[in-house]
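Everything below concerns the one structure shown next.
Letters A, B, ... mirror the listed sequences (proteins, then strands); counts begin at 1. All values below were derived from every heavy atom in this structure, side-chain atoms included, with hydrogens, water molecules and symmetry-related copies excluded.
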2 protein chains.
Amino acid sequence: MSGESQMAPSSASSSALRPDRARGLHDYLVAGIRDMILKGELEAGARLGEADLCGRFEVSRTPLREALKALSGEGLVLLQPNRGATVAPLDPVRLRDVFEAKGAIEHFIGLNAAVRASDAEIAGLQELHEALVAAEEAEAPQDYTELNEAYHLELARLAGNEELLKTYERLQHNILRARHRINDDPSRVRASLAEHERIMLALTARARLDLAERLVAHNEATAAAVLAKIAV
Amino acid sequence: MSGESQMAPSSASSSALRPDRARGLHDYLVAGIRDMILKGELEAGARLGEADLCGRFEVSRTPLREALKALSGEGLVLLQPNRGATVAPLDPVRLRDVFEAKGAIEHFIGLNAAVRASDAEIAGLQELHEALVAAEEAEAPQDYTELNEAYHLELARLAGNEELLKTYERLQHNILRARHRINDDPSRVRASLAEHERIMLALTARARLDLAERLVAHNEATAAAVLAKIAV
DNA sequence: AGCGTGATTTTTGCATGCAATCTGGAGGTC
DNA sequence: GACCTCCAGATTGCATGCAAAAATCACGCT
């Protein structure tokens, strides 16, 4: 065993709206374990022993097991009957599939968000974009990452399809797992922001094909940057 | 309470490879409840009381609850904390989203299956297609439905992306729920088969754009037929 | 040393029991 | 009659306990 901290979300962890224990352990556990996986505190392939996790979160095995089943459906946990749970592996092959799938959805998002988003929604997205630029200038990588996720998720929401939004979120989560390990380099961040600028222009102009194309290109550029660092 | 049969999968139900109870109750329950939902035996919105389901499957509440959490992740069951589980609603609005999402994936499938499928895989798909035609001529709607699902799922597999394949299957399931209630009319079935013919031609010719276009069109025609019957 | 083989320990799967919450209705008040 | 309030019954949430399965280890064998 490693001599690491056994602490779970002691009190005020980073993510703001963490479900309260008292409101039900299921949501609390799902959010808590998901966070630990997304932040890389639990690495891909790591064993998720029930007794261990029960200790960290101070709950009994019943709600914990239910939470693991739920996370398995999100593709974050791998369940092997009679052999326990592990953090879902994230090899380059799967990551390539994840980026490719996300690309297909980005295409859809571009075609539809350009038509369906209201002016107010576009203004809201613009604010997110500006907050993202501010975070980069302030050199706050933690904020930058969270705002970047929020920006793309909001854009996905503007496409107006609940089903694809859920899938998009799942894929985004699995990418975030990889991204958290690789400290994006500054030059890629600046290039990314420039792409965001062009995305906002296409959206404001409500240019469907243009927006779709830019989103796909942005996804591919991100994929290339992430995969390059992964495949060391 | 209705005076209906309380029987669950007594012995030899229709679906061939049902997980064995002895191999673990989780898979058994997930497959069993999913089947009941997909076949319409449990209608949209129906309450899924734990005691009731425990009685039907002769299991205790612990594995049953775990199965419900898993099915919630598939979009088939709606879980409301402290208020129990219901079969996920399938209103026209959601169904429209499901078809639209599936359309986006069909586009991707067309672009990639045309390039990635091996000759042997195309031949295998051709066999499925011919079995489908045979089922239609034999007027075996049960077989037709199952083969049709298998055909499209196999085509999705040929696109070579595990992530989108899982999503595709989820969406297909939710459509099947609606389709099972509406007894496709024969003229639509024949039109559908004609579309399949053209799909096979495009795939054999490995014509990416053509295949994508035909798959999207097929999806939209199906959507129109299903939605027309739903919105009575 | 390498490799089965069997006992011990650990871990998972499932059932049960109690506490908390929700639901439905009777009775009271305005 | 409409609207609380409170009480039973039913249902869900969670913890615990036992049995089955895997993993670990010790031992003996070739």
N/O to N/O distances under 3.5 Å, protein versus nucleotides 15-18 of chain D:
unit_1  : atom_1 : unit_2 : atom_2 : d
dA15(D) : OP2    : S60(A) : N      : 2.9
dA15(D) : OP2    : S60(A) : OG     : 2.7
dA15(D) : O5'    : S60(A) : OG     : 3.3
dA15(D) : N7     : T62(A) : OG1    : 2.8
dT16(D) : O4     : T62(A) : OG1    : 3.2

Looking at [X] and [Y], does any basic side-chain N land under 4.0 Å from a carboxylate oxygen?
X: E106(B); Y: K102(B); value: yes
X: E121(B); Y: R116(B); value: no
X: E154(A); Y: R157(A); value: yes

Whole angstrom value for the distance that separates [atom2] of [N] from [atom1] of [X]:
X: L64(B); N: dG13(C); atom1: CG; atom2: C1'; value: 15 Å
X: H26(A); N: dT21(C); atom1: NE2; atom2: P; value: 18 Å
X: N82(A); N: dA20(D); atom1: CG; atom2: C1'; value: 8 Å
X: L79(A); N: dT11(C); atom1: CG; atom2: P; value: 17 Å
X: R23(B); N: dC14(C); atom1: CZ; atom2: C1'; value: 18 Å
X: R65(B); N: dG13(C); atom1: CZ; atom2: C1'; value: 16 Å
X: Q80(A); N: dG13(C); atom1: CD; atom2: P; value: 11 Å
X: D27(B); N: dC14(C); atom1: CG; atom2: P; value: 9 Å

Would you tabulate the pairs of protein nitrogen or oxygen atoms and nucleotide nitrogen or oxygen atoms of nucleotides 6-11 of chain D closer than 3.5 angstrom?
unit_1  : atom_1 : unit_2 : atom_2 : d
dT11(D) : O3'    : R47(B) : NH2    : 3.4

- Parallel, tilted or perpendicular: rings of H218(A) and H196(A) (30°, 60°): perpendicular

- Hey, can you tell me if F57(B) and Y28(B) have their rings parallel, tilted or perpendicular (30° and 60° cut-offs)? perpendicular

- Message: Within the 4.5 Å heavy-atom criterion, are F108(B) and E100(A) side-chain neighbours or not?
- Response: yes

- Message: Does any part of the side chain of L29(B), heavy atoms only, come nearer than 4.5 Å to the side chain of E66(B), both counted from C-beta?
- Response: no

- Going from CG on L68(B) to CZ on R61(B), what distance comes out if it is rounded to the nearest 0.5 angstrom? 10.5 Å

- Task: Taking all heavy atoms of R96(B) and all of G160(A), pick out the closest pair and write down the distance.
- Result: NH2-O, 4.0 Å

